[in-house]
Each structure stands twice: as C-alpha cells, then as structure tokens.
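Following: one structure in structure tokens, then a few remarks.
Excluded from the calculations below are hydrogen atoms, water molecules and symmetry mates; all remaining heavy atoms, backbone and side chain alike, are included. What you see is a predicted model, and the numbers here were worked out from it, not measured in a lab. Counting convention: from 1, in listed order, for ligands and their atoms alike.
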Amino acid sequence: MITLALPKGRLLTETVRILEPVGIGFGSEMERSRVLVHESVDRSVRVLLLRARDVSTFVEYGGADAGVVGKDLLMEDAPSVYEPLDLGFGHCRLVVAEPEDSRGELMKKGFVRIATKYPNITERYFSSLGMQVEIIKLYGSIELAPIVDMADGIVDLVSTGNTLRANRLVEVETIAASTARLIFNRSALKTKHEEVSRFICKVRSAVTRKDS
Ligand code: PRP
C-alpha cells in the first residue's frame, strides 16, 4: 500500500477527481470528513489529509511515501524529495503585486517592504534584481498588508485574480508559474519500488486521460 499525503482544499478535489477513473476511488465523504486517514476502495492507497504546507515535510521524513503539492511550495521549501510528475492542474502564478494607486512605483524603489507567505522566493527574487527587501512573513490574508500601510506590496499566489481585484491590488511582476506536482520519498523509491512504479504509471495514465 502507498501512503499518499494530500493537502485539504482545492488540490484535494482535483486529485480525487483524476484518481477515480484509474481505479483509485475514495468514499464521497472523504473531503468533508474530520478523519485524517482514509483508504481507497481497492486498498492500494492510504491517504493522509494535511495542511498544504506540511505535505512535503511528511514525504521528506517518511511519514508518507508520496504527496501532492504545489510547485510554489516546492520552490519555497526545497525539500529533498523526488518529483516525477506535473499533474497538470492547480494552475496559478506567484506574483509581485502593489496597490492600484502606486502606479508601478514599487519596482522602481531601491528598498521595498514586502508581505508574503514565501520569504525565500521573495528574498531570492528581489536580490536577483539588485533590490533590497524587507520581508514581513504572514500566514494568510496577505493582501491586507499594503492596505494598512504595513508593506509596499506583496508576493502571493494568483489564480483567478479575484482576490487582488477585490483588494485593489495590481500585479506588477510574475515570478513563476505553478501547478500541482506528485512527489515521492527518496527511500520509498527503493524500498517500495514496485508499488511506487505501479502508482506512478496509474497517475501518469490518469493525467494523460484528463488531457485527452
Ligand atoms: C490564495 C492566495 C490568494 C488567493 C488567490 O489564498 O494567497 O489570497 O488564493 O486566488 P485568486 O486569484 O483565485 O483570488 P488561499 O485561498 O490559499 O488562502 P490564504 O490567503 O488563507 O492562504
């Protein structure tokens, strides 16, 4: 049996949707359940339901053999895991955004104060441009920071763009695109080689089926 760490929320729904047609189905109550461990109907996969931020930690330290996680978090946390597959869903972008009335001033400053959940990516990005950055680390509702004058701008994920618009922020730079990735614990590749290969094959066929 493969232990698969999944993030609660949007990526969970998409993952369940692609696994079902290749024979890895879960009860319809899984997504609403308070139970944190679930088995697939065919008993080939055990799912752990986690906060997105914890998925790669469980996979890196062997609490799970595999996981589904956004590329954004892999770029931020750089866990030591094997990443064989782009799952082709969960499309979003990591962007720099500023208040509408800043009118492009943010990227012209030599020193900026940025609120974000992604301190490492933010530091690397602004340093690569030769700009000095002070990072205010937040865990959610990042868009509030410039509204209350706590930061000049933000680095955050954008999917539909609705959250930026609703808070009168505009995107000024794209740092990277992100999609959901399938990751594996490095030792599970050896100790569970057959199960892991079979699982990767099934997921790959699920992704191909979805695209065709
Ligand atoms: C993410 C991100 C933005 C929002 C973008 O937040 O941090 O706030 O989604 O999506 P949109 O472009 O479709 O509006 P999430 O929903 O994960 O909540 P959080 O801010 O509590 O992390």
Side-chain angles (χ1 to χ4, degrees), residues 4-18 30-34 36 47-60 64 66-79 81 83 86-104 106-107 112-126 133-183 210:
L4 175 66
L6 294 181
K8 295 179 204 166
R10 289 179 255 196
L11 295 187
L12 174 62
T13 308
E14 294 267 20
T15 306
V16 168
R17 192 176 299 157
I18 67 158
M30 181 172 87
E31 290 179 59
R32 293 185 305 274
S33 171
R34 302 293 296 178
L36 300 176
V47 159
L48 311 181
L49 297 180
L50 302 172
R51 291 286 298 268
R53 202 90 207 196
D54 293 329
V55 166
S56 66
T57 307
F58 271 70
V59 175
E60 180 172 7
V68 171
V69 64
K71 181 69 180 174
D72 56 306
L73 291 179
L74 293 177
M75 287 167 54
E76 174 66 18
D77 298 332
V81 294
E83 185 196 323
D86 183 340
L87 295 172
F89 57 76
H91 288 273
C92 53
R93 287 169 302 122
L94 260 175
V95 307
V96 183
E98 67 175 10
E100 272 171 13
D101 53 15
S102 295
R103 300 180 190 287
L106 179 80
M107 298 307 290
V112 286
R113 198 187 250 183
I114 298 288
T116 188
K117 285 185 270 192
Y118 301 90
N120 298 326
I121 292 172
T122 302
E123 175 73 52
R124 279 201 300 272
Y125 181 72
F126 283 97
V133 61
E134 181 182 355
I135 292 166
I136 302 179
K137 169 89 197 272
L138 297 176
Y139 294 90
S141 303
I142 316 298
E143 295 82 2
L144 271 177
I147 294 175
V148 296
D149 279 333
M150 204 163 82
D152 302 309
I154 64 170
V155 166
D156 202 11
L157 276 191
V158 173
S159 175
T160 60
N162 289 339
T163 312
L164 285 187
R165 273 190 294 279
N167 293 289
R168 303 174 64 98
L169 297 171
V170 289
E171 183 181 331
V172 288
E173 295 283 330
T174 299
I175 300 178
S178 174
T179 47
R181 306 298 165 103
L182 182 65
I183 57 171
K210 177 178 161 276

Can I get a per-line list of side-chain donor-acceptor pairs under 3.5 Å for residues 154-162, giving both atom names and the distance, sequence neighbours left out?
residue : atom : partner : partner atom : Å
Thr160  : OG1  : Asn162  : N            : 3.1
Thr160  : OG1  : Asn162  : ND2          : 3.2
Asn162  : OD1  : Arg165  : NH2          : 2.9

Using a strict threshold of under 4.0 Å (side-chain N to carboxylate O), is an ion pair present between [Y] and [X]?
X: Asp77; Y: Arg53; answer: yes
X: Arg181; Y: Asp86; answer: yes
X: Glu171; Y: Arg93; answer: yes

Report every pair formed by an N or O atom of ligand 1 and a protein N or O atom separated by less than 3.5 Å, giving atom names and the distance to 0.1 Å.
residue  : atom   : partner : partner atom : Å
ligand 1 : 7 (O)  : Lys117  : NZ           : 3.2
ligand 1 : 7 (O)  : Asp156  : OD1          : 3.0
ligand 1 : 7 (O)  : Asp156  : OD2          : 2.7
ligand 1 : 8 (O)  : Glu143  : OE2          : 2.7
ligand 1 : 9 (O)  : Arg10   : NH2          : 3.3
ligand 1 : 12 (O) : Ser159  : N            : 2.8
ligand 1 : 12 (O) : Thr160  : N            : 3.1
ligand 1 : 12 (O) : Gly161  : N            : 2.7
ligand 1 : 13 (O) : Thr160  : N            : 2.8
ligand 1 : 13 (O) : Thr160  : OG1          : 2.5
ligand 1 : 14 (O) : Thr160  : OG1          : 3.4
ligand 1 : 14 (O) : Thr163  : N            : 2.9
ligand 1 : 14 (O) : Thr163  : OG1          : 2.4
ligand 1 : 16 (O) : Arg10   : NH2          : 3.0
ligand 1 : 20 (O) : Ser141  : N            : 3.4
ligand 1 : 22 (O) : Lys117  : NZ           : 2.5

Q: State which residues pass salt bridge (charged side-chain N to carboxylate O under 4.0 Å, His left out) with Asp54; sequence neighbours excluded, sorted by chain then number.
A: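 None.
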(Q) Using the side-chain hydrogen bond (donor to acceptor under 3.5 Å, both in side chains) criterion, which residues pair with Glu60? Sequence neighbours excluded. (A)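 Not a single residue meets the side-chain hydrogen bond (donor to acceptor under 3.5 Å, both in side chains) criterion with Glu60.
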